[in-house]
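Structure first, then comments.
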Amino acid sequence: MIQFSGVAKRYPGGREALRAITTVVEAGEMVAVTGHSGAGKSTLLRLAAGIERASNGSVVVQGQNLGALGESALAVLRRRIGFVFQDHKLLFDRNAFDNVALPLRIAGMPRDEVGRRVRAALDKVGLLDREKAMPVALSGGEQQRVCIARAIVNRPAILIADEPTGNLDADYARSILELFQSFNRVGVTVLLSTHDEAGVVWLGCRRIALANGTLAAAAA
Amino acid sequence: MSAWLRLHLHAFAESFRRLGTQPGAAAMSTLVLALAVSLPVLAAIALKSLGSVAAGVSTEPQLTVFLKPGASDDDVRRVEASLRADPAAREARFVSRTQALEELKAKTHLADLLAALESNPLPHAFAVRLRAAEPTALAAARDRIARLPAVDQVAGDFEWTERLRRWVRFGERALAVFSALLALTVAFIVGHLIRLQVVSQKEEIEVSQLIGATAADVRRPFLYRGFAQGLLAGVGAAALSALAVYWLESELRALTPSYASEFKPYFLTLPEMALVVALVSALATAGAWWAVHRELRKFSPSKGNP
């Protein structure tokens, strides 16, 4: 489903975030990317989602080599991948409904279809009664859930989440992880990064451990 | 309905809705643009009206040939023969002194004064229509005719029509330069307005790009906003010029019969108005494109920011 072959990422200025990463995430798998902060977790996820391009090596997602795609083809591919941002990236000038509807409106979906799908997504994250709420009126956890709803509203085959439990207390974090588990159970490939060891153990999923931009170990 | 069509219809409707959310600002920018556009439109109308005078007069250069007061019928016949033989003359019409007096009585309010005269003070005359030619050729023909025996003087003011024609041509060139500059102004004003909107929506653009909006998706609403702004400005400019012409026309009507009967106040035809609106819309869209293009280069997600 997602294949990294000798992937390296250097940022302008010379910082090398990833070096020679070769690993694979199979379809239907749930994988946790772990490592200290600055180990390259976010970079790996952003490369997998086609938000950034590798400096070296190839990233192949659903059979497509992202390096070979043009800018707009890459953008269109991003629509098929749900991404939960660490900082949520919600738009504060519109309510929860309109935030979740954004990917569908970009794709030019008819209005009633948008309404149906947005409500289904909000229902899955347990925020159906908060669709009119503005992001400032939502708690951090609720904002996280809106972000998750936006990631799944397009019904992607791949869901990628960058530190989804980062700033949440243990109970809330657990409920978010359960949510990802439930998506995985219906066949969605889930790739999430975390530094919450207990969470990974609790999930019991495979892990990709990064240290200083290289693979530390790929064992569960 | 296809997604493509829906995206465009939505962007089109959304652009007007956006203008409506800030009616004051939208009205101001529309007015500024409409004023900028109405200037060359009015100048073009003025030129076209002036051009119609030049065209009406100058196609048929005319001379009036006055014979000496004591000219005999033989003299008249000789002059007529010479005129008919002249290659520059297309037609020569004899106006006898009695006929001239009748016409003067009929056309002016001098009947009483003329009746008081003991004798007809007017000479015989010929109205000569010349073949259209270069001013030098026309002047040569006038001098040739003036030298004919029994001819007193020749009146023919074709130089002024030529001069007018040249002024109109000059005016047309000046208008072209002026229009080009104002067209750039329109593009820049709209570009600037759109740039401000792009900057104010930086976050939305960034998030949209992250979740799969292409450059075209990001550009589309701004292009439509530029187009909507241009459309309103074009219609506004046509309305402003129509108002100005309407206001001037009554004065001109009062002025024209006694001065130049060829002068017809001219206003844009419907297709010309549509052309103005279309041009302004196109310019505004181009300005918007330029603005979005410039701003978007700064934040493409897959190219830069870590």
Side-chain angles (χ1 to χ4, degrees), chain A residues 9-13 15 17 38 40 42-43 46-47 49-54 59 66-67 69-85 87-94 98-111 113-114 147 150-151 153-154 156 162, chain B residues 1-22 25 194 196-225 289 292-306:
Chain A
K9 177 68 183 178
R10 273 181 307 278
Y11 285 114
R15 191 169 73 81
S42 294
T43 305
R46 292 169 76 91
L47 288 174
I51 291 172
E52 286 177 23
R53 287 179 188 272
V59 180
L66 303 194
L69 296 179
E71 281 301 308
S72 29
L74 194 60
V76 171
L77 179 124
R78 285 200 289 271
R79 297 178 190 176
R80 306 210 307 263
I81 299 170
F83 200 99
V84 180
F85 298 92
D87 54 355
H88 315 329
K89 292 217 182 299
L90 297 181
L91 296 172
F92 282 78
D93 62 346
R94 62 199 71 189
D98 288 325
N99 265 289
V100 176
L102 192 62
L104 305 180
R105 296 210 169 115
I106 288 170
M109 194 171 276
R111 185 192 295 260
E113 179 77 7
V114 169
C147 185
R150 186 180 65 191
V153 77
N154 247 341
D162 194 1
Chain B
M1 190 163 45
S2 74
W4 180 85
L5 187 63
R6 200 159 32 237
L7 282 170
H8 280 270
L9 283 176
H10 181 258
F12 183 66
E14 182 70 12
S15 62
F16 283 98
R17 198 192 62 76
R18 283 255 179 189
L19 283 174
T21 56
Q22 288 176 305
I194 297 296
L196 291 179
Q197 294 183 0
V198 171
V199 170
S200 78
Q201 275 174 256
K202 193 168 181 289
E203 252 179 74
E204 180 179 354
I205 292 171
E206 270 173 343
V207 172
S208 299
Q209 286 185 320
L210 284 174
I211 62 178
T214 62
D217 289 326
V218 172
R219 217 162 23 223
R220 192 181 308 112
F222 294 108
L223 294 190
Y224 272 106
R225 254 175 261 175
W289 193 92
V292 180
H293 178 74
R294 268 190 44 152
E295 285 303 316
L296 277 193
R297 270 192 316 198
K298 293 180 194 161
F299 41 95
S300 169
S302 61
K303 277 184 196 153
N305 49 325

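Throughout, protein chains are lettered first and strands after them, A, B, ... in sequence-line order, and every chain is numbered starting at 1.
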**Fill in**
In terms of heavy-atom contacts, B:Leu7 and A:Gly108 come closest through CD2-CA, 3.5 Å
**Request:** Considering non-hydrogen atoms only, spot the tightest contact between A:Arg79 and B:Ile211 and give its length.
**Result:** CG-O, 3.9 Å
**Request:** Check whether A:Arg94 gets within reach of chain B through its side chain, its backbone, both or neither, counting any heavy atom under 4.5 Å.
**Result:** side chain
**Fill in**
Tightest non-hydrogen contact, residues A:Pro110 and B:Arg6, listed as CD-NH2, 3.3 Å
**Prompt:** A:Asn154, A:Val76, A:Thr43, A:Ile106: which one forms the most heavy-atom pairs within less than 4.5 Å of chain B?
**Reply:** A:Ile106
**Request:** Report the distance from atom CD of B:Gln209 to atom CD of A:Glu71, rounding to the nearest 0.5 Å.
**Result:** 9.0 Å
**Prompt:** Between A:Ala75 and B:Thr214, what is the shortest heavy-atom contact and its length?
**Reply:** CB-CG2, 3.7 Å
**Prompt:** So how far is it from B:Glu204 CD to A:Asn99 CG, rounded to the nearest 0.5 Å?
**Reply:** 9.5 Å
**Item:** Residue A:Ala107 versus chain B: region with a heavy atom under 4.5 Å
**Value:** backbone
**Request:** With a 4.5 angstrom heavy-atom cut-off, could you sort out which part of B:Ala215 is near chain A: side chain, backbone, both or neither?
**Result:** neither
**Request:** Quick one: closest heavy-atom pair of B:Val207 and A:Leu91, and the distance?
**Result:** CG2-CD2, 4.0 Å
**Asked** Any side-chain heavy-atom pair from B:Leu210 and A:Arg78 closer than 4.5 angstrom?
**Response** no
**Prompt:** Closest heavy-atom contact between B:Glu203 and A:Leu90?
**Reply:** OE1-O, 4.2 Å
